[in-house]
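The structure under discussion appears below in the form of C-alpha cells.
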Amino acid sequence: MKPQHKITLIYFLVGALWILLSDITIEWLFELGKIDQLTYHQSIKGLIFVGLTAVMLYFLIKHYYDQLANRLKELEKLNEELRVKSAELESSNKDLEQFAYVASHDLQEPLRMISGFLKLLEKYTHKELDEKAVQYIQFGLDGAERMKGVILNLLEYAKIGKTAYVYESIHVEKVLNDIWQVQQNNMGNKEAELVFKNLPVISTYKIPFTLTLQNLISNALKYKLPKQKIIISFTVEERDSEWLFMVKDNGVGIAREDFESIFQPFLRLKNDDVVTGSGMGLAIVKKNVELMGGRVWLESEVGVGSTFYFTIKKV
Ligand code: ADP
C-alpha cells in the first residue's frame, strides 16, 4: 500500500473509532448525566482526538521520513561508488589509449627495419638462395606488411577523440563517391554496384564520418559471397534529433551471436582467413560513431547479407 493511502486510512480508522467510542470513554472518566458538562465533554473529546491523531501522524511521518532518508543515503553511496568507478574507467581507458598510441607509434620503426633488411637480404643473396629460402623471405615480408596494417589501424583507433574536431557541412554524396572511387581502385576484378539516392548535407565531424563510411563500405566489399555481384545500398533517413544511415550488402552475413563481439578491437570471425584484415575496422567505426553522438548496430543473416545502421546526432 502506498504511504499516502496508509496514512489516510489509519487517520480515518482512528477518527471513526474515537467517534464511536468517545462517549463511553468520557462517561467512564467523568460523572454521567450532567447537561452543562456536555460542551466541556465535546471539547475534551475534540482535544483528545486531535492529540491522538497528531501523535499518530508524527510517528507515521517520522517512519516514512526515516525510510526516505535511508534510501537517499543508499543512493548517495551508490552515486559515489559510480563516480569512483567511472573515474577509474576513464583513467584506465586513457592509459590504454596512451599505451596503444605509444606502442603502435614505437613499433613502426623496428618494423620498417625488419622489412628493409629482409628486402636487402633478398636483393643481395637471392642468387645464392634456393627457392624455399626466397619463399621464406617473402613470408617474412608479407607478415611485416600485415603487421604494418595492424599498427596503423591501432594508431588510428588510439587517435580517435584526441583531435578537437569542428562541425562541418558535409555533402554525404560527395564523401561517398570519393570513398567509392578509392575502393574501386583497390577492388581488383570484383564486380560491385553502389546504390543510393537523394543524399543530404549534414553537419558533423568530417574525418570520423568519412572513416565510418569507409570501413563499412570496405567490409561490404570484402565479405562477399563467391561468384556473386556485390550490391551495396546506402540509405539515409532524417529523424527529429538524428540522422540514420544504413549500409546494406548481399555478402556472407554474420551470425546473431557475433553481433556484439565484432565491434571489439582485433576481433575477427573464424572464417576470415581468406579475407585480410586486422579486426579493427568495426572498433574504429563504433568509436567514431559515438564521438559523433550516435550508436551503431546491425541486422544480418548468414548467406544473405548484412545491414549496418548508425546514427549521428543533429547539431
Ligand atoms: P576486419 O575486417 O579487419 O577483420 P572489422 O572490425 O572491420 O575487421 O570486422 C570484424 C569482423 O566482422 C570481420 O572479421 C568479419 O568477420 C565481420 N564483418 C564485418 N563486416 C562484415 C560484413 N559486411 N559482412 C560480413 N561480415 C562482416
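Along the sequence shown, residues are numbered consecutively beginning with 1. Note that ligands are numbered from 1 as they come in the structure, with each ligand's atoms numbered from 1 the same way.
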Indicate yes or no: does Glu80 engage Arg83 in a salt bridge with an N to O separation below 4.0 Å. yes
Before signing off on this row, confirm whether Leu282 and ligand 1 have an N or O atom pair separated by under 3.5 Å. yes
Taking distance alone, with no angle check, do Gly279 and ligand 1 share an N/O pair under 3.5 Å? yes
Arg268 neighbourhood, listing ligand 1 atoms whose heavy-atom distance to it stays under 4.0 Å: 1 (P), 4 (O), 14 (O)
What do you reckon, does Phe308 have a nitrogen or oxygen under 3.5 Å from a nitrogen or oxygen of ligand 1? no
As an exercise, identify every atom of ligand 1 less than 4.0 angstrom from a heavy atom of Ser306. 24 (N)
Between Ile254 and ligand 1, which part of the residue brings a heavy atom under 4.0 Å of the ligand: side chain, backbone, both or neither? side chain
Take every heavy atom of Asn215, measure it against each atom of ligand 1, and state whether any distance is under 4.0 Å. no
Any idea which atoms of ligand 1 are less than 4.0 Å away from a heavy-atom of Lys222? 1 (P), 2 (O), 3 (O)
Check ion pair Lys287-Glu156 (N to O, under 4.0 angstrom): no
Using the side chain to side chain contact (heavy atoms under 4.5 Å, CB included) criterion, which residues pair with Phe99? Sequence neighbours excluded. Ala103
Considering the heavy atoms of Gly277, write down every atom of ligand 1 situated less than 4.0 Å from one of them. 3 (O)
Pick one of side chain, backbone, both or neither for how Phe263 approaches ligand 1, counting any non-hydrogen atom pair under 4.0 Å. neither
In plain terms, say whether Glu109 and Arg112 are close enough for a salt bridge, that is, a side-chain N and a carboxylate O under 4.0 Å apart. yes
Quick one: pull up CG in Leu213 and CZ in Phe209 and give me the separation to the nearest 0.5 Å. 4.0 Å
Counting heavy atoms only, which of Leu298, Leu267, Val252 comes nearest to atom 11 (C) of ligand 1? Leu267
Cluster overlap Phe259 with Val304, hydrophobic side-chain contacts below 4.5 Å: no
Interfacing atoms of ligand 1 (cut-off 4.0 Å, heavy-atom, Ser278): 3 (O)
Between Tyr205 and Tyr167, is the ring centre distance below 6.0 Å? yes
Would you call Asp142 and Arg146 a salt bridge, taking side-chain N to carboxylate O under 4.0 Å as the test? no
